[in-house]
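A short worksheet on the structure shown next.
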Amino acid sequence: MGTNRPNGSLYTNIKNRIATVEFGHPASNSFVSELLERLTAELNKLSENKDVSLIVLKSEGDRAFCAGASFDELVAISNLSEGKAFFSGFANVINAMRTCAQPIVGRIQGRAVGGGVGLVAACDYVYATEDASVKLSELTIGIAPLVIAPAVERKIGKDGLGELALAPTEWKNAYWSKEKGLFSKVYGSINEMDKELDIFTGKLAAYNPDALAEMKKVLWEGTEHWKKLLEDRAEMSGKLALSPNTKAALEKFKK
Ligand SMILES: CC(C)(COP(=O)([O-])OP(=O)([O-])OC[C@H]1O[C@@H](n2cnc3c(N)ncnc32)[C@H](O)[C@@H]1OP(=O)([O-])[O-])[C@@H](O)C(=O)NCCC(=O)NCCSC(=O)C[C@@](C)(O)CC(=O)[O-]
């Protein structure tokens with residue numbers, strides 16, 4: 001059973017030097033601002049924890065991994081500063097994943113959309129199931145995947161980013177993501193994935209933590225300018241979210 005809390009849930013369990021961070025939201029694990037803030041704070045805290053070698057990022061349930069930005073919050077944006085603040089939540093999470101001292105392994109049990117694809121792309125290694133299709137739906141709601149674009153592009157290149165972003169109604173299956181480099185491994189079921197993930201993370205967490213931390217830095221070399229870049233993108237997305245197109249597209253989600 002997933003959480004029914006409107007602001008979502010976030011739990012961390014630390015065992016054998018592996019921190020497993022699980023987020024959840026009743027609306028298909030979408031992100032409201034508060035949950036984005038909590039995830040950012042948690043990753044920043046874990047980054048300082050010398051007893052943690054590795055982070056596993058997962059979400060609740062056996063359906064969608066993440067539905068991206070909360071439509072309820074998107075539709076409520078009424079000015080530029082609210083828009084920038086909301087999308088900065090995604091910028092901050094991606095920057096926290098990028099700068100976090102430990103490698104992050106993603107556990108993707110189902111579909112990921114919009115900002116959810118950004119989170120997957122910001123993981124350092126990704127375990128997924130065959131149900132983990134991805135889609136960048138942003139154009140259909142009058143915005144664009146601007147904040148998450150650098151993370152997605154870093155994994156699958158500009159062409160892959162274009163293939164996703166310019167076909168916003170098209171799901172790409174898990175094998176497409178594997179071929180492009182978004183996923184590292186794909187399994188037929190959640191059980192199978194979890195079994196292999198346990199073995200993989202157990203081995204990884206036993207290696208020299210300093211070596212893992214140095215490798216993490218190397219993997220993200222060249223992204224030092226992302227703090228400002230993603231903040232600028234958050235402002236651009238915030239501006240787009242004010243457009244009549246977005247308001248009209250999201251009207252049906254108004255509660
Ligand atoms: C995720 C699946 C595949 C699950 O598909 P499913 O498992 O079949 O579930 P569902 O579609 O029945 O959804 C379950 C419930 O979650 C709700 N729901 C679903 N998504 C959201 C959402 N985002 N915000 C708020 N509510 C959402 C949905 O409306 C429904 O509510 P109910 O009818 O039960 O009351 C499907 O629900 C889906 O495709 N959702 C649309 C997700 C989407 O388009 N997200 C894009 C968000 S925009 C974004 O992230 C912008 C960003 C950050 O990238 C911008 C940038 O980078 O600059």
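Atoms within each ligand, like the ligands themselves, are counted from 1 in listed order. Given the structure is predicted, the values throughout are model-derived calculations rather than measurements.
Residue-ligand proximity, Pro145 to ligand 1, at heavy-atom distances under 4.0 Å covers atoms 56 (C), 57 (O), 58 (O). For ligand 1, the atoms closer than 4.0 angstrom to any heavy atom of Ser137 are 43 (C), 44 (O), 45 (N), 46 (C). Close contacts of ligand 1 with Gly68, meaning ligand atoms under 4.0 Å from a residue heavy atom, involve 50 (O). Below 4.0 Å from some heavy atom of Ala144 lie the following atoms of ligand 1, by number and element: 55 (C), 56 (C), 58 (O). Below 4.0 Å from some heavy atom of Ser30 lie the following atoms of ligand 1, by number and element: 22 (C), 23 (N), 24 (N), 25 (C). Applying the 4.0 Å criterion to heavy atoms of Ile143 picks out, from ligand 1, the atoms 51 (C).
Among Gly89, Gly115, Ser28, the residue whose heavy atom lies nearest to atom 9 (O) of ligand 1 is Ser28. Closest heavy-atom approach to atom 55 (C) of ligand 1 among the candidates Phe87, Trp171, Phe90: Phe87. One option in Lys135, Arg63, Arg111 has a heavy atom closer to atom 5 (O) of ligand 1 than any other, and that option is Arg111.
Nearest heavy-atom pair across Ile94 and Ile148 is CD1-CG2, 3.8 Å. When every heavy atom of Ser53 is checked against every heavy atom of Ala205, the shortest pair comes out as OG-O, 3.9 Å. Looking at every heavy atom in both residues, Ser47 comes nearest to Ala101 through OG-N, 3.0 Å. The two residues Phe65 and Asn29 come nearest to each other via the heavy atoms O-CB, 3.2 Å.
Aromatic ring centroids of Phe31 and Phe86 lie 6.0 Å or more apart.
Contacts of Glu231 classified as salt bridge (charged side-chain N to carboxylate O under 4.0 Å, His left out), with partners at least two apart in sequence or in another chain: Lys227. Trp171 pairs by the ring-ring contact (aromatic ring centres under 6.0 Å, His included) definition with nothing, not counting sequence neighbours.
Any N or O atom pair closer than 3.5 Å counts here, and Leu74 shares no such pair with ligand 1. At a 3.5 angstrom cut-off on N or O pairs, Ser70 does not count as close to ligand 1. Checking only distances, Ile141 never comes within under 3.5 Å of ligand 1, N or O to N or O. No N or O atom of Gly114 sits closer than 3.5 Å to an N or O atom of ligand 1. Close N/O approach between Glu138 and ligand 1 is found [any backbone or side-chain N/O within under 3.5 Å].
Remark: side-chain polar atoms of Lys84 are not paired, donor with acceptor, to backbone N or O of Arg233 under 3.5 angstrom. Distance alone, capped at 3.5 Å, is enough to place a donor-acceptor pair between the Thr99 side chain and the Asn95 backbone.
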Given the rule in the salt bridge (Lys or Arg N to Asp or Glu O under 4.0 Å) test, do Glu170 and Lys172 qualify, once you have shown the distances and angles that lead to the verdict?
-> CA-CA 6 Å; Glu170 216 174 89; Lys172 304 287 191 219; 2.5 Å; yes
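For Gly118, the closest heavy-atom approach to ligand 1 does not fall below 4.0 Å. By the 4.0 Å heavy-atom criterion, Pro26 is excluded from the residues contacting ligand 1.
A cation-pi arrangement is present between Arg154 and Trp220 under the rule of less than 6.0 angstrom and at most 45 degrees off the ring axis.
Donor-acceptor pairing under 3.5 Å is lacking for the side chains of Ser189 and Asn191.
Contact annotation for Ala27 and ligand 1: heavy atoms of both the backbone and the side chain come within less than 4.0 Å of the ligand. Under 4.0 angstrom from ligand 1, there are no non-hydrogen atoms of Cys66. At a heavy-atom cutoff of 4.0 Å, ligand 1 is contacted by the side chain of Ser237 but not by its backbone. Contacts with ligand 1 closer than 4.0 Å are made by no heavy atom of Thr140, backbone or side chain. Contacts of Ala69 with ligand 1, taken as heavy-atom pairs under 4.0 Å, involve both backbone and side chain.
Checked for salt-bridge contact, Asp131 and Arg111 miss the test: no charged N lies under 4.0 Å from a carboxylate O.
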